[in-house]
2 protein chains.
Amino acid sequence: MADNVRPLRRNEIRQHNETLILQAAEKVFAEAGFGGATMQLIADLAGLPKANLHYYFASKEDLYRQVVQNIFDIWLHAAESMDQASGPIEGIGAYIDAKMEISRRHADGSKVWASEVMHGAPVIQDYLETTLRDWTTGRVGLIQRWIDEGKMAPVNPEHLLYMLWATTQHYADFGHQIETLNGAPMTDSDWQAAKHSVKSMILRGIGAIE
Amino acid sequence: MADNVRPLRRNEIRQHNETLILQAAEKVFAEAGFGGATMQLIADLAGLPKANLHYYFASKEDLYRQVVQNIFDIWLHAAESMDQASGPIEGIGAYIDAKMEISRRHADGSKVWASEVMHGAPVIQDYLETTLRDWTTGRVGLIQRWIDEGKMAPVNPEHLLYMLWATTQHYADFGHQIETLNGAPMTDSDWQAAKHSVKSMILRGIGAIE
DNA sequence: CTTCAAGCTGACCATAGGGTCAGGAAAAGA
DNA sequence: TCTTTTCCTGACCCTATGGTCAGCTTGAAG
């Protein structure tokens, strides 16, 4: 009854342990920052000996890099919600929903990303300059189109994006502050209220019509 | 001509060196995080031997604590702009201006603060629970009054505050990302434009009237 | 059943980094 | 000028931490 001794297959083992380590790493990096995180801490949280981490990941930096990339992928993925929309209410509304959901479900990842960028993006600078820049250019074009079509007020698209990122990620990155002020962890309905507030203020703020 | 050999007075010395160290510390903590920062790095930046830091500050944590408190004070100070206003356009407009100015002038401090909160506020938890909570309660009341007086739409005051913090601090904390996307450091007029965008979107978003 | 490669890990190493301290230099005061 | 107090710092200590490695275990293939 105790040990779940299902003997893992070879390829399962690798997959399984790498996931285990990445999850533990994400949490530890989020809580302590890159500098404050230790391989030992990550190993303990993953329930593996430290040497095993180095079997799967060449170095602390290598492990960190993968954690950051995972978030970045999730992050970009949320964009799709915005693209297939006919107008700002639908598109930006969906994007806010998606990003708020990420803040809720991947708070640790969000913090790691924030930390990384705050420290000058030492490991993902190239992504910022390529993938993210392209992504941004595309979205700026989309928003501009909506403006040209009279579907929203003529706001600056870049600053609108920054506002979307800032407000939604704030609930993850500054979640501790919010919970302290709130006096308790955010409940389901707190999240609903937050989503609603953010959406209504922003959509009204950009004069979204339709 | 070279050495500025004005012999400092006793009380000047302490003041001078502590400031020197605090400034260096703020920068290093901002760039590397608490865990990544080293006393040696701070000492080098301040142009002092490491042992001297420990003459003025008992420990790395002690030094860090003072850096965080400095920011917190500046941060709270910006609130005054909001209080002596008769309505949201003036009050929130001024608050955004003040906080944007802080993001610009004290970007390092802002990052240290963000880092501290993201990591669960290990050293300033008590401030969050007392000073910040009181401050927030006061401002929530103020906003509610404006709502009751019909000066703005009935938004959730807490979430409005979060939005204000998030959007303004984003320009400091994620300044690197913005500059990368922008292709260059933000100029004077970039900051003007940012301020204007933030203000117009938010003020419209809360239906500020008067 | 043997062989091989993948998975695993306790023990070890080297260095970095926070912190200490004894003793020297330099203001301030008497 | 002598004494006291503050300021200063090179050299040192010790722990923590990233990383290595030799040798073991275990699944898979034939």
Side-chain angles (χ1 to χ4, degrees), chain A residues 3-29 31-68 112 115 119 122-123, chain B residues 3-22 24-68 112 115 119 122-123:
Chain A
D3 293 347
N4 179 359
V5 202
R6 142 161 146 271
L8 291 169
R9 298 214 181 134
R10 264 293 156 74
N11 49 13
E12 280 179 330
I13 293 179
R14 184 159 214 108
Q15 166 82 43
H16 176 253
N17 281 346
E18 284 183 351
T19 313
L20 211 60
I21 294 168
L22 283 169
Q23 283 175 345
E26 181 176 280
K27 187 162 187 209
V28 173
F29 283 134
E31 284 173 356
F34 179 80
T38 73
M39 294 300 269
Q40 190 60 62
L41 234 48
I42 297 170
D44 290 349
L45 189 60
L48 296 170
K50 191 182 69 161
N52 207 352
L53 301 211
H54 281 100
Y55 175 72
Y56 288 105
F57 298 90
S59 66
K60 184 183 175 184
E61 218 182 291
D62 185 50
L63 177 53
Y64 175 75
R65 193 186 317 273
Q66 296 216 30
V67 170
V68 173
V112 175
S115 222
H119 297 347
V123 326
Chain B
D3 293 346
N4 181 356
V5 203
R6 144 160 142 271
L8 291 169
R9 297 216 181 133
R10 262 292 153 76
N11 49 13
E12 282 180 331
I13 293 178
R14 184 159 213 110
Q15 165 82 43
H16 176 254
N17 281 347
E18 283 183 352
T19 312
L20 211 59
I21 294 168
L22 283 169
E26 181 176 282
K27 187 164 188 206
V28 173
F29 282 133
E31 283 173 359
F34 180 80
T38 72
M39 293 300 268
Q40 189 60 61
L41 232 49
I42 296 170
D44 290 348
L45 189 59
L48 297 171
K50 190 182 70 162
N52 206 352
L53 301 211
H54 281 100
Y55 175 71
Y56 287 105
F57 298 90
S59 66
K60 184 183 177 185
E61 218 182 292
D62 185 49
L63 177 52
Y64 175 75
R65 191 186 318 272
Q66 296 217 28
V67 170
V68 173
V112 175
S115 222
H119 297 348
V123 325

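Sequence lines set the chain letters: A, B, ... in the order given, protein chains first and strands last, and positions in each chain run from 1. All heavy atoms count here, side chains included; hydrogens, waters and symmetry mates do not. Small disclaimer: the values here were computed from a predicted structure and weren't measured.
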Can you find a donor-acceptor pair, distance only, under 3.5 Å between Lys50(B) side chain and dG18(C) base? yes
Under 4.0 angstrom between Arg14(A) side-chain N/O and dG7(C) OP1 or OP2: yes
Euclidean distance, atom OH of residue Tyr64(B) to atom P of dG17(C) [Å, nearest integer]: 18 Å
How many whole angstroms separate atom CG of Asn11(A) from atom P of dG27(D)? 13 Å
To the nearest 0.5 Å, what is the distance between NE2 on His16(B) and CD1 on Ile21(B)? 10.0 Å
Return the value, rounded to whole Å, for the distance between atom CG of Leu53(B) and atom P of dG10(D). 12 Å
For Ser59(A), is there any backbone N or O sitting under 3.5 Å from a side-chain donor or acceptor partner on His54(A)? no
Using whole Å, report how far CZ of Phe57(A) lies from P of dG18(D). 15 Å
Please report, rounded to the nearest Å, how far the P atom of dC8(D) is from the CG atom of Asn52(B). 5 Å
Length of the line joining His54(A):NE2 and dT20(D):P, which is rounded to integer Å: 7 Å
Within the 4.0 Å heavy-atom criterion, would you say Ala43(A) contacts the bases, only the backbone, or no part of the nucleic acid? nothing
Can you tell me how the ring of Phe34(A) sits relative to the ring of Phe29(A), calling it parallel under 30°, perpendicular over 60° and tilted otherwise? parallel
So what does Tyr56(B) touch, heavy atoms closer than 4.0 Å: a base, only the sugar-phosphate, or nothing? sugar-phosphate
Between dC8(D) and Asn17(B), is there an OP1 or OP2 to side-chain N/O distance shorter than 4.0 Å? yes
If you assign Ala51(A) and Tyr55(A) each to the DNA chain C nucleotide with the nearest heavy atom, which residue ends up on the more 5' nucleotide? Tyr55(A)
Thr38(A), nearest nucleotide to its side chain (from dG18(D), dT9(D), dG19(D)): dG18(D)
Using 0.5 Å steps for rounding, measure from the CG atom of Leu48(B) to the CD1 atom of Ile42(B). 11.5 Å
Ile42(A) CD1 to dG19(D) C1': how many Å, rounded? 14 Å
Can you tell me how far C1' of dT15(D) sits from NZ of Lys60(B), to the nearest Å? 14 Å
Which distance, rounded to the nearest 0.5 Å, do you find between the CD of Gln66(B) and the CG of Asp62(B)? 5.5 Å
